Amino acid sequence: MSKKALDGVKVLEFAEFVAGPYCSKLLADLGAEVIKVERPGAGDEARKKGPFPDDIPHQEKSALFLYLNTNKSGITLNLNSTTGKGIFKSLITDTDILIEDSYPERARELGIDFDTLKKINPWLIVTSITPFGQTGPHSEYKAYPLNSVHSGMLGYLTPWVSCWPDREPIQPGGLLGEYGCGLSAATATLAALYVQRMTGRGQHIDVSKQEALIALNRVNAPQYPNDGQSDTRFINLSGLLGDILPCKDGHIVFQINETHHWQGFVQLIGNPQWAQNPVYLDGAERGKRFVTEIRPRVIEWAKDFTKEELYHRGQAANCPFAIVNSPEDVVNSEHLKARGFFVNVEHPVAGKIKQAGAPFIMSQTPWAVEQPAPTLGQHNEQILCDRLGYSKQDLVKLRRKGII
Amino acid sequence: MRPLEGIRVVDFAWAWAGSQATSILALLGAEVIKIESRRRIDHSRVFSLTTGQWFDEPDRSTIFNDMNLGKLSANIDLSRSEGVDLVKKLVKISDVAVQNMRPGKMEALGLGYEDLREVKPDIIMLSSSARGSTGPEREYIGYAPLFSAISGFAFISGYEGEDPIRLSGEIDLLSATSSAFAVLAALIHRQQTGEGQFIDLSSTEATSVFMGEVFMDYCMNGRNQTRHGNKDTFMAPHNVYRCKGDDKWISIAVATDEEFEALCEVAGHPEWAVDKRFADTFTRWHNQEKLDKLIENWTINHPHFDVMKMLQAVGIAATPSCNSEDLWNDPHLRERDFWAEVDHPVLGKQTVIAPVWKLSETPLEVSGPAPLFGQHNRYVFGDLLGLDDSEIERLIENGVIY
């Protein structure tokens, strides 16, 4: 094993589905030792979500769970029981960071709120990830991922540059918002870890999903107080030249902002007469004339080419072109193969499945999957007996009582 | 004390993904010095990719202000060898360098990781680009809409059964957050071991990681997931519904029969809950278009915040689809000090969003507006690098400070 950026950092996770688990996956994949605490029986909600191999649901085969929980150990613990709470607190004494996603009132009921835990371990960082944060009139309001995306403005602004002012806003594909909240929380957590390592101080990090998502549209968010109006998703992009367009075998995206991009583009389409108009050398003018003068010609030109042709030829002409890649295209990308982006992960129940890998490449402390996602309660014995000193007979009793 | 106080960042970044990465470090307390010149002006000082707006002067861009809060600005022309020497002196007394030029460009300028390591052995350098600094497409260029396309996200985003859509600003800012996260991880490693390193971030890879389960579906089942609007795989109702007013919407998501019964009660239609088309999760999912119409016939008569209150009171997940005005009028955000104000020397008072992480012991704050172009030349060249006034004048005359 090579050295890791977060070697020696001890994390406890009591969170489920996407945001919290993704936050601690980011830490685990950089070498932090993460213990994931799940409810006995059902475990993490992501275990039910899938997709599953051959679409056959199985607690240990949900791709969402397998992806979000690499490099973690897993135990089961019923935090409603006194003994379960006691075990949790024993673990907390030897923990640097707790990642949790219970609503504030529920966390207090369970006794895992920051004020309670800091008395046990003043060094502790608690990162709380909830839909609306720890304080304020909406702090107990319920939100599923769809609601968070819309409360966080990301939904309202999607589709960006919509041509349909009468249609509803939508969520971006997949679970982008939840992942984004996990990343946001992980970033704040590392800032607190940096302080902890320097000063010995723990602290509470309050992450509101709504706010973490609004921050991703930080330009649009304060528009009303600054200008008295609110950007919509159907803004007419009069000043810029770019679009998503069909071609022979799919879609491409291009974005021509700078004049040298435009010049590259004119070369690319074979220097036609219409493109020689000097007015097009002005960025704002080009943008204004895009929809009426330029767009129809680009559509006509693009329809005879494949997406691969347009992408590589466009880029060779120094013009920002991209393919709207399907998942299949991404998995089979030669570029990503050369960079080793996808990795094979072997799981004891689910088998070997290819997964997306490192979000970035660190030269001295490489990202790696060294351990697949845990099966439910896989490390109960290791953690409870080896670390906390319970006997194997204790484990039998705890299991019978439904505590683990 | 903010977490990164005492950390100095030389910021070669521009546009959104790069600028916001270092802006996050500035919000965390680092001293971030943006290196810019007339020869190579940050395009967010010139135009806005989200709104299509063009700015007549580099100090009048509100977008630039939002992307570069709390930074300092120093003018150095990096195409001049004296400029390169000058910036290396700054690197020597800094901890982190961040850049997002096309891979190879910094090396060509004599400012690659190896060059910087010579003057500062434990420097942490992050390079952010469209495709990363290795691989056959390493020199390809892009903006957020292109990252959303190449990463796979555009393909799975859009209305059900219709064409894919681009995503934009949020993709840049997610990439920026990944960059800040990576730099923090490297700072923690340096804190423990004294060792710096190079970080290669591809904005498209940093986006693809957010759809891990979608790629696995293809790898396991050969399935290309496509577009499904606001729909969920299990939950129904699960959509946004038009409310009273212009372009006002409420998002409602229902997971259980109990939640659905409560929704029917509040809407004044308890009969929906016993209608066999909607009786359980499975039938609701298959008849969701019909159900959506019924729900919208109710929501259309109410303001979106009222629908939220009515439904949340009985434990149903409902939030407006918020625009800027909704956010500004939201008492919850107000109470949480979500907004901050900065006094910009040219733009005047500007409302911005405060750092969104509430850290109990080392609270964050917006330390100031974005810098004017070259605003901190005296501080950087005089106070930090110790050049006297006549030397600074000479560099200005020679166009090195430019």
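This one's a predicted model, so the numbers in the text were calculated from it and none came from an experiment. Order of the sequence lines sets the chain letters (A, B, ...), proteins ahead of strands, with each chain counted from 1.
With sequence neighbours excluded, the residues satisfying side-chain contact (heavy atoms from CB on, under 4.5 Å) with Asp232(B) are Lys49(A), Phe234(B), Met235(B), His238(B).
Contacts of Ala318(B) with chain A are made by backbone atoms alone, with heavy-atom separations under 4.5 Å and no side-chain atom involved. Heavy-atom distances place no part of Thr204(B) under 4.5 Å from chain A, backbone and side chain included. Heavy atoms of Arg242(B) lying under 4.5 Å from chain A belong exclusively to its side chain. Heavy atoms closer than 4.5 Å to chain A are found in the side chain of Gln191(B), but not in its backbone. At a 4.5 Å heavy-atom cutoff, the contact between Leu359(B) and chain A is made by backbone and side-chain atoms alike. Looking at Gln192(B), only its side chain comes within 4.5 Å of chain A, counting heavy atoms on both sides. At a 4.5 Å heavy-atom cutoff, the contact between Leu327(B) and chain A is made by side-chain atoms alone. The contact between Tyr218(B) and chain A is made entirely by side chain atoms (from C-beta outward), counting heavy-atom distances below 4.5 Å. Contacts of Trp357(B) with chain A are made by both backbone and side-chain atoms, with heavy-atom separations under 4.5 Å. For Glu160(B), no part lies under 4.5 angstrom from a heavy atom of chain A. Heavy atoms of Asn221(B) lying under 4.5 Å from chain A belong exclusively to its side chain. In this structure, chain A has no heavy atom under 4.5 Å from any part of Leu347(B). Heavy atoms of Lys309(B) lying under 4.5 Å from chain A belong to its backbone as well as its side chain.
Taken to the nearest 0.5 Å, the CG atom of Leu216(A) stands 11.5 Å off from the OG atom of Ser175(B). Put simply, CZ on Phe341(A) and OG on Ser202(B) are 7.5 Å apart, with the number rounded to the nearest 0.5 Å. To the nearest 0.5 angstrom, Ile353(A) atom CD1 is 8.5 Å from Cys219(B) atom SG. Rounding to the nearest 0.5 angstrom, the gap separating the CG atom in Leu336(A) from the CZ atom in Phe215(B) is 8.0 Å. In this structure, CD1 on Ile361(A) lies 7.0 Å from OG on Ser133(B), to the nearest 0.5 angstrom. Separation of atoms CG (Asn217(A)) and CG (Asn323(B)) is listed at 12.0 Å; rounding is to 0.5 Å.
Of the listed residues Thr158(A), Leu26(A), Thr189(A), Leu68(A), the one with more heavy-atom pairs under 4.5 angstrom with chain B than any other is Leu26(A). With chain A as the partner, the residue from Arg223(B), Arg190(B), His43(B) showing the most heavy-atom pairs under 4.5 Å is Arg223(B). Between chain B and the residues Asn147(A), Asn325(A), Thr187(A), Val195(A), the largest count of heavy-atom pairs under 4.5 Å involves Asn147(A). Counting heavy-atom pairs under 4.5 Å between each of Arg227(B), Met308(B), Gln225(B), Glu139(B) and chain A puts Met308(B) at the top. Looking only at heavy-atom pairs under 4.5 Å with chain A, the residue among Glu213(B), His332(B), Lys358(B), Glu170(B) that has the most is His332(B). In terms of non-hydrogen atom pairs under 4.5 Å with chain B, the most contact-rich of Ala185(A), Ala350(A), Pro165(A), Ser326(A) is Ser326(A). Chain A forms more heavy-atom pairs under 4.5 Å with one residue of Val183(B), Thr193(B), Val209(B) than with any other, namely Val209(B). The candidate with the highest count of non-hydrogen atom pairs below 4.5 Å against chain A, out of Ala154(B), Pro355(B), Gly212(B), is Gly212(B).
Side chains of Pro246(A) and Asp163(B) form no contact here, defined as non-hydrogen atoms less than 4.5 Å apart. Looking at heavy atoms from C-beta onward, Asp206(A) lies in side-chain contact with Arg336(B) at the 4.5 angstrom threshold. Counting heavy atoms from C-beta outward, Pro222(A) and Trp339(B) have side chains that approach closer than 4.5 Å. With contacts defined as side-chain heavy-atom distances shorter than 4.5 Å, the pair Tyr311(A)/Ile150(B) qualifies. In this structure, the side chains of Leu333(B) and Ile214(A) come closer than 4.5 Å at one or more pairs of heavy atoms. Side chains of Gln255(A) and Arg166(B) form a contact here, defined as non-hydrogen atoms less than 4.5 Å apart. In this structure, Asn226(A) and Val352(B) have side chains that are not in contact, with every pair of non-hydrogen atoms separated by 4.5 Å or more.
Between Thr365(A) and the options Glu195(B), Gln197(B), His189(B), a side chain to side chain donor-acceptor pair (under 3.5 Å) holds for only Gln197(B).
Closest approach of Ser321(B) to Gly155(A), counting heavy atoms only: OG-C, 4.0 Å. Taking all atoms of both residues into account, the shortest heavy-atom contact from Gly135(B) to Ala338(A) is CA-CB, 4.2 Å. Of all the heavy atoms in Glu259(B) and Lys142(A), the pair that sits closest is OE2-NZ, 2.5 Å. Here the closest heavy-atom approach between residue Val330(A) and residue Ser151(B) is recorded as CG2-O, 3.7 Å. The two residues Pro169(A) and Val240(B) have their closest heavy-atom pair at O-CG2, 3.4 Å.
No side-chain donor from either of Thr135(A) and Glu335(B) sits under 3.5 Å from a side-chain acceptor of the other. Looking at His204(A) and Ser360(B), their side chains never bring a donor and an acceptor atom within 3.5 Å of each other. Under 3.5 Å, the side chains of Asn224(B) and Glu328(A) contain a donor-acceptor pair of N or O atoms. Judged by distance alone, the side chains of Glu168(A) and Tyr159(B) never bring a donor and an acceptor atom under 3.5 Å apart.
The pair Arg167(A)-Asp247(B) does not count as a salt bridge, with every side-chain nitrogen at least 4.0 angstrom from each carboxylate oxygen.
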### Task
Could you give me the CA-CA distance, side-chain angles and deciding distance for Tyr194(A) and Leu28(B), then say whether side chain to side chain contact (heavy atoms under 4.5 Å, CB included) is met?
CA-CA 11 Å; Tyr194(A) 188 77; Leu28(B) 291 171; over 6 Å; no
### Query
Step by step, would you call Tyr224(A) with Thr351(B) a side chain to side chain contact (heavy atoms under 4.5 Å, CB included)?
CA-CA 9 Å; Tyr224(A) 182 75; Thr351(B) 298; over 6 Å; no
### Query
Do Ile244(A) and Ile165(B) pass the side chain to side chain contact (heavy atoms under 4.5 Å, CB included) test, and can you show the C-alpha distance, the side-chain angles, and the key distance before you say yes or no?
CA-CA 7 Å; Ile244(A) 181 165; Ile165(B) 59 165; 5.6 Å; no
### Task
Would you please test Leu176(A) and Leu167(B) for side chain to side chain contact (heavy atoms under 4.5 Å, CB included) and show each step?
CA-CA 11 Å; Leu176(A) 182 66; Leu167(B) 305 175; 4.0 Å; yes
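Side chain of His335(A) to backbone of Arg131(B): a donor-acceptor contact under 3.5 angstrom is found. In this structure a side-chain-to-backbone donor-acceptor pair under 3.5 Å is present from Ser157(B) to Gly173(A).
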All N/O donor-acceptor pairs, side-chain side in residues 140-147 of chain B, below 3.5 Å, sequence neighbours left out:
from      : atom 1 : to        : atom 2 : distance (Å)
Tyr140(B) : OH     : His312(A) : ND1    : 2.7

